[in-house]
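Okay, structure first, notes after.
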Amino acid sequence: MQKDHGSSAPSTPTSARLRHRRRSNEFNFEMSKTNGNHLLINDLDKYKSMWIRACSSLWMLGGFLLIIYLGHLYILAMVVVIQIFMASELFNLLRRAHEDKRLPGFRILNWHFYFTAMLFVYGRILSHQLVNTVTSDKIFYKLVSKLIKYQMVICYFLYIAGVMWFILTLKKKMYKYQFGQFAWTHMILIVVFTQSAFTVANIFEGIFWFLLPASLIAVNDVAAYFFGFFFGKTPLIKLSPKKTWEGFIGASVMTTISAFVLANVFGHFQWLTCPRKDLSTGWLLCDPGPLFKPEYYPLPGWLSRWVLPWKEVAILPVQWHALCLSLFASSIAPFGGFFASGFKRAFKIKDFGDSIPGHGGFTDRMDCQASN
């Protein structure tokens with residue numbers, strides 16, 4: 001019995017160290033069982049976290065506005081970069097350093113599937129713009145036309161090559177881990193590219209159709225945070241303990257008002273409403289479509305006489321569309337955040353990463369955008 005105790009004693013400190021060797025984004029969800037203790041209104045450090053969150057948000061907002069000003073191609077590049085960061089965070093979620101050391105090149109295989117999916121999705125969406133960009137160079141035009149013609153075949157063989165690569169790297173006693181990573185990689189591709197395909201298509205139909213939904217999601221997120229910060233007392237959902245009914249309702253009202261106002265503001269800029277037919281970066285001029293031509297509505301006599309100095313008000317038809325988008329942004333998009341919260345709870349982590357101070361990783365910031 002003494003030998004048994006002696007042999008097990010050295011393992012105790014090691015196991016203790018292993019238990020406490022956590023990633024910076026791991027979180028102990030057993031610290032509190034009640035939702036009320038997690039509410040922002042009860043958080044003693046809420047002003048410090050709000051300051052950090054506000055500063056990083058201002059930096060992101062400044063960079064975002066600059067990219068919007070630069071145009072369609074730069075917005076596309078921004079989406080691609082964000083996707084790469086998201087994929088990296090999700091790839092790392094189920095990786096184990098010990099197993100990866102025994103599988104050299106396995107991470108490269110994940111990225112092989114990722115860039116194959118990128119070629120498949122973006123190749124189909126951007127083929128028309130790419131052809132219009134290279135029409136002046138006959139040799140380059142023929143090359144691009146051939147690549148677009150055989151794009152599906154190229155993607156198919158790249159994927160088959162990846163599957164063959166995966167099969168050839170299978171190792172005894174590692175099958176379960178490797179097939180788990182294989183399935184996880186495909187799930188990431190579905191999550192990342194399914195939504196982004198529509199996002200990129202919207203960009204070239206007019207920046208307006210990318211900017212307005214993204215802005216409404218951001219407004220809803222910020223409004224929910226501040227309403228919950230100052231007034232939140234009633235927990236909304238157990239998956240996300242800091243979410244409150246006060247924040248949800250306040251954010252819905254603010255999102256609806258913002259949608260009507262922002263649609264009017266954005267709709268007056270041709271740079272935002274004109275579609276882009278190629279991959280150039282020049283300034284755009286076009287005739288506004290019917291959605292962006294104002295319609296005039298007469299005001300009641302008593303209102304124009306005693307309250308407002310106008311007899312009629314101009315409203316863009318797209319503002320009514322914006323109200324529908326606001327309903328989606330305030331009622332459906334938050335479920336992307338709830339899904340991410342449940343996902344993080346399943347893996348016992350607080351954030352997907354720590355790239356953005358006060359916000360976590362790129363996946364944490366894009367969870368609601370992914371459902372838009």
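Small disclaimer: the values here were computed from a predicted structure and weren't measured.
- Pairs of residues two or more places apart, or lying in two chains, that qualify as side chain to side chain donor-acceptor pair (under 3.5 Å) and include a residue from residues 181-194 are N110-T185, Y159-H186.
- Counted within 6.0 Å of CH2 on W271, heavy atoms from surrounding residues, nucleotides or ligands total more than 12; the atom is thus considered enclosed.
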ask   = Can you list the steps and then say if I82 with M78 is a side chain to side chain contact (heavy atoms under 4.5 Å, CB included)?
value = CA-CA 6 Å; I82 290 174; M78 177 189 68; 3.9 Å; yes
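- Identified under the salt bridge (charged side-chain N to carboxylate O under 4.0 Å, His left out) test for residues 166-188, with sequence neighbours left out: none.
- Under the 6.0 Å cut-off for aromatic ring centres, F113 and F182 qualify, their centroids lying closer than that.
- In plain terms, the two heavy atoms of S215 and L262 that are nearest each other are CB-CD1, 4.1 Å.
- Considering every non-hydrogen atom in both M254 and A223, the closest pair reads CB-CB, 4.0 Å.
- Placement of I108 and Y177 within a single hydrophobic cluster is found when ILVMFWY residues are connected by side-chain heavy-atom separations under 4.5 Å, directly or transitively.
- W59 CH2: 12 or fewer foreign heavy atoms inside a 6.0 Å radius.
- With rounding to the nearest 0.5 angstrom, the CZ atom of F338 is 5.0 Å from the CD1 atom of I237.
- Counting heavy atoms from C-beta outward, V191 and M86 have side chains that stay 4.5 Å or more apart.
- I67 and V81 fall within the same hydrophobic cluster, defined by Ile, Leu, Val, Met, Phe, Trp and Tyr side-chain heavy atoms under 4.5 Å apart, directly or through other members.
- At distances below 3.5 Å, not a single donor-acceptor pair connects side-chain atoms of E295 with backbone N or O atoms of P317.
- Here the options are F115, Y114, F120, the test is ring pair (Phe, Tyr, Trp, His ring centres under 6.0 Å), and the partner is F193; only Y114 passes.
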request  = Could you please spell out the steps behind the side chain to side chain contact (heavy atoms under 4.5 Å, CB included) verdict for L70 and T281?
outcome  = CA-CA 7 Å; L70 292 174; T281 57; over 6 Å; no
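- Residues V219 and S258 come closest through the heavy atom pair CG1-OG, 3.5 Å.
- Both Y297 and L299 are part of a single hydrophobic cluster, where members link through side-chain heavy atoms under 4.5 Å apart.
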key: Step-by-step side chain to side chain contact (heavy atoms under 4.5 Å, CB included) determination, F362 to F352   = CA-CA 8 Å; F362 279 86; F352 286 103; over 6 Å; no
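- Under the 6.0 Å cut-off for aromatic ring centres, W111 and F91 qualify, their centroids lying closer than that.
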Worked verdict on Q151 versus S127 for side chain to side chain donor-acceptor pair (under 3.5 Å) = CA-CA 10 Å; Q151 180 244 352; S127 58; over 6 Å; no
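- The list of side chain to side chain donor-acceptor pair (under 3.5 Å) pairs with a residue in residues 71-88, not counting sequence neighbours, reads Q83-Y122, Q83-S196.
- Residues P213 and W209 form no side-chain contact, since every pair of their non-hydrogen atoms from C-beta on lies 4.5 Å or further apart.
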request  = Decide yes or no on side chain to side chain contact (heavy atoms under 4.5 Å, CB included) for I315 and N264, but give the supporting numbers first.
outcome  = CA-CA 7 Å; I315 297 178; N264 184 277; over 6 Å; no
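- Sorted by first then second residue, the salt bridge (charged side-chain N to carboxylate O under 4.0 Å, His left out) pairs that include residues 275-289, not counting sequence neighbours, are R276-D278.
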In a table with atom names and distances, give each donor-acceptor pair under 3.5 Å that connects a side chain of residues 160-170 to protein atoms at least two apart or in another chain.
residue : atom : partner : partner atom : Å
T169    : OG1  : W165    : O            : 3.3
T169    : OG1  : F166    : O            : 2.8

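- Other residues, nucleotides and ligands place no more than 12 heavy atoms under 6.0 Å from the CZ atom of F85.
- Without hydrogens or angle criteria, D364 side chain to D351 main chain gives no donor-acceptor distance under 3.5 Å.
- Looking only at distances, no side-chain donor or acceptor of E246 sits under 3.5 Å from a matching main-chain atom of F227.
- No donor-acceptor distance shorter than 3.5 angstrom exists from the side chain of Q270 to the backbone of P288, with no hydrogens or angles considered.
- By the 4.5 Å heavy-atom criterion applied to side chains, V153 and F157 are counted as neighbours.
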Pairs under 3.5 angstrom only: tabulate donor-acceptor contacts from the side chains of residues 320-335 to other protein residues two or more places apart or in another chain.
residue : atom : partner : partner atom : Å
S326    : OG   : L323    : O            : 2.5
S330    : OG   : S326    : O            : 2.8
S330    : OG   : L327    : O            : 3.4
S331    : OG   : L327    : O            : 2.4

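- No chain of hydrophobic side-chain contacts below 4.5 Å, direct or via other Ile, Leu, Val, Met, Phe, Trp or Tyr residues, connects F339 to I190.
- Residues V318 and Y296 are members of separate hydrophobic clusters, defined by side-chain heavy-atom contacts under 4.5 angstrom among Ile, Leu, Val, Met, Phe, Trp and Tyr.
- Taking CG from L109 and CD from Q178, the interatomic distance works out to 9.5 Å, rounded to the nearest 0.5 Å.
- Between L211 atom CG and F64 atom CZ the span is 5.0 Å, to the nearest 0.5 Å.
- L216 CG to T256 OG1: the interatomic distance, rounded to the nearest 0.5 Å, is 9.0 Å.
- We find the SG-CZ distance between C274 and F292 to be 9.0 Å, quoted to the nearest 0.5 Å.
- Cation-pi geometry between R53 and Y225 is met: under 6.0 angstrom from the ring centre, within 45 degrees of the axis.
- The two atoms that bring H112 and L158 nearest to each other are NE2-O, 2.8 Å, heavy atoms only.
- A distance of 9.5 Å separates CZ in R124 from SG in C155, rounded to the nearest 0.5 Å.
- The shortest heavy-atom contact between I154 and L119 is CG2-CD2, 4.1 Å.
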